[in-house]
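Here is the structure we will look at, set down as structure tokens.
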Amino acid sequence: MLDIKFIRENTETVRKAARDKGEPDFVPGLLEIDDLRRRLQRKADDLRHDQKAVSQEVGNAFKSGNLEEGNKLKARAKELSEKIKGLEEELRKVEGDFGDIMLKIPNLPDPEIPVGGEEANIIVDTWGEAPEFGFKPRDHIDLGDILGILDMERGAKVAGRAFPVLMGDGSRMSRALIALMLDIHRRDGFLEVEPPFLANRNAMIGSAQIPKLEDDMYYIPREELFLIPTSEVPLTNLHAGEILAESDLPIYYAGFSANFRREAGSYGADTRGLLRVHQFDKVELVKFVAPESSGVEHESLREQAEKILKTLELPYRVKLLATGDMSFAAHKIYDLEIWAAGEGKWLEVSSCTSFLDFQSRRANIRFRPKDDGPLRFVHTLNASGVAIPRLLVALWENNQTERGTIVIPEALRPYMGGQKEMRRREVKDKTLQN
RNA sequence: GGAGAGGUGCCGGAGCGGUUGAACGGGACGGUCUUGAAAACCGUUGUGCCCAUCGGGCACCGAGGGUUCGAAUCCCUCCCUCUCCGCCA
């Protein structure tokens with residue numbers, strides 16, 4: 001959410017931001033209703049002021065035994081009271097509408113970001129080399145099938161399409177990755193958090209999934225809870241409504257969760273196998289920082305996510321997203337994309353986002369400055385650190401051998417009991433380990 | 001799910017329906033004292049919105065309604081916390 005005062009004074013900036021992001025322009029309607037809201041509030045405040053004064057006099061009159069005067073004043077106060085009630089009802093409605101529109105105004109992109117759609121994205125860095133094979137590499141679906149580590153069909157039987165089932169070494173690798181990533185982040189000063197996987201509407205508004213992404217989430221009407229699409233939601237809302245001390249900042253969290261996305265309307269490209277699924281595991285990094293440091297913190301957050309990819313020896317590139325490709329709430333985004341040899345594509349595994357105070361205004365997360373000045377909103381940032389399924393895709397496809405086995409990267413082996421390679425699972429031998 | 005207790009400022013904790021935005025204590029901050037610190041003493045210490053030059057007004061005591069001339073205080077609904085019981089991984 002932006003500051004309404006800022007919107008009033010920088011109308012064109014805000015409207016341009018919406019245009020550049022490809023969002024509808026709600027500003028003119030907002031300003032109109034803002035004006036109405038203020039006029040009504042002014043009127044109501046004035047009336048309440050009068051009413052308070054008369055009320056006071058009512059008390060005084062009765063106390064001094066002047067019944068006649070008291071009743072007269074009381075009638076006058078009653079009149080005012082009725083008027084106020086009418087106004088308040090009107091004001092409530094107007095404020096409701098005002099609030100709804102405020103939630104629909106997108107964040108401002110950083111001025112240094114290229115304007116345009118996907119084609120305007122900039123590759124700002126690349127790391128590692130795409131692997132070369134002396135044979136035609138298989139994709140992760142084939143590999144999953146051969147090795148018995150991924151079963152899409154049975155997942156569909158249990159829950160529906162795009163609910164993958166990881167089995168055997170597939171599941172084991174997933175679990176190992178989670179542990180590895182959390183360990184790395186923990187060593188670098190992130191506090192490990194295991195949050196709820198469900199969250200209420202208020203939390204969804206706080207981190208800005210609602211209103212825009214409401215239809216992309218699973219919802220449980222009976223409990224009025226949403227399944228989280230990312231642990232950004234619970235992690236960011238951990239401090240909702242709180243006033244932190246400046247000395248508390250920065251706060252770094254690394255949270256693991258399953259994530260649930262309906263992916264409504266996204267059938268088509270890039271949805272095979274593990275590329276786009278309804279449920280996936282992810283480690284998420286969230287930072288709460290002082291406003292002055294959010295630029296620097298954004299860069300270091302990106303490096304933190306990159307560290308995982310380097311550790312796993314995955315070739316990747318860093319993309320600075322253009323305005324049109326950015327999300328509604330973002331101020332600046334880097335995407336991290338890893339190379340997947342079988343797909344022959346770059347896969348997004350991390351989105352590293354700076355929000356400035358966009359989320360903290362919604363969730364009302366403030367801090368008390370050291371110099372005892374007025375309260376300020378913290379800045380929030382988050383990055384996937386990172387998402388598991390596409391990581392598996394790249395790890396499998398890039399590290400495959402001609403025999404159809406998969407070499408496990410060095411760093412991951414200690415987390416897999418020293419296992420070096422994933423081989424075909426002998427189905428008959430149910431106790432087969434490695 | 002059932003019974004009970006409770007939700008007040010940064011924290012603890014008062015608060016007959018009528019100058020209570022809120023006693024008191026702690027903390028924090030500033031000052032005095034001190035070579036420095038501690039102790040002691042003095043002082044300051046909520047947020048948001050609106051109008052404005054000084055300044056003024058309004059709202060907020062878990063959330064939302066209601067009663068009343070007037071609500072932190074009375075009533076209703078909901079949420080949360082704690083204790084006990086039940087159920088259960």
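Source: prediction; values computed, not measured. Every chain is numbered from 1, with letters handed out A, B, ... down the list of sequences.
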message: With a 3.5 Å limit on both atom pairs, tell me what B:G64 is paired to, counting Watson-Crick and G-U wobble, or say none.
response: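 Here B:G64 is engaged in a pair, and the nucleotide opposite it is B:C76.
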query: With sequence neighbours left out, what residues match A:Arg302 under salt bridge (charged side-chain N to carboxylate O under 4.0 Å, His left out)?
result: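 Listed in chain order: A:Glu299, A:Glu306.
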message: Under the ring-ring contact (aromatic ring centres under 6.0 Å, His included) definition, can you give me all pairs with a residue in residues 8-40 of chain A, not counting sequence neighbours?
response: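 Sorted result for residues 8-40 of chain A: empty, none.
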- prompt: Using 4.0 Å as the upper bound for N to carboxylate O, is an ion pair formed by A:Lys332 and A:Glu112?
  reply: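 Yes.
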query: Is A:Asp357 salt-bridged to A:Arg376, going by a charged N under 4.0 Å from an acidic O?
result: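 Here A:Asp357 does not pair with A:Arg376 in a salt bridge, since their nearest N and O are not under 4.0 Å apart.
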query: Do A:Thr323 and A:Asp325 have side-chain N/O donor and acceptor atoms under 3.5 Å apart?
result: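 There is no such pair (donor and acceptor under 3.5 Å, judged by atom type) between the side chains of A:Thr323 and A:Asp325.
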- prompt: In terms of side-chain heavy atoms, does A:Asp188 have a donor or acceptor partner in A:Tyr252 at a distance below 3.5 Å?
  reply: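 On atom types as modelled, these side chains do not qualify, holding no pair under 3.5 Å.
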Dump every N/O contact between nucleotides 86-89 of chain B and the protein below 3.5 Å, one line per pair.
none

- prompt: Under 4.0 Å between a side-chain N or O of A:Lys85 and OP1 or OP2 of B:U67?
  reply: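 For A:Lys85, the contact criterion (side-chain N or O under 4.0 Å from OP1 or OP2 of B:U67) is met.
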Side-chain N or O of A:Arg76 closer than 4.0 Å to phosphate OP1/OP2 of B:C69: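 Answer no for this pair, as no side-chain N or O of A:Arg76 is under 4.0 Å from OP1 or OP2.
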- prompt: For residues 359-367 of chain A, which residues have at least one heavy atom under 4.0 Å from RNA chain B?
  reply: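 A:Arg366, in order of number.
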- request: Find which nucleotide of RNA chain B each of A:Arg37 and A:Gly59 is nearest to by heavy atoms, and output the residue with the more 5' nucleotide.
  value: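 It is A:Gly59 whose nearest nucleotide is closer to the 5' end.
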Output one line per pair: protein atom, nucleotide atom from nucleotides 8-13 of chain B, and distance, for all N/O pairs under 3.5 Å.
none

- line: Heavy-atom contacts, protein to nucleotides 25-31 of chain B, under 4.0 Å, summarised as B (base), S (sugar-phosphate only) or - (none) per nt, yield -------
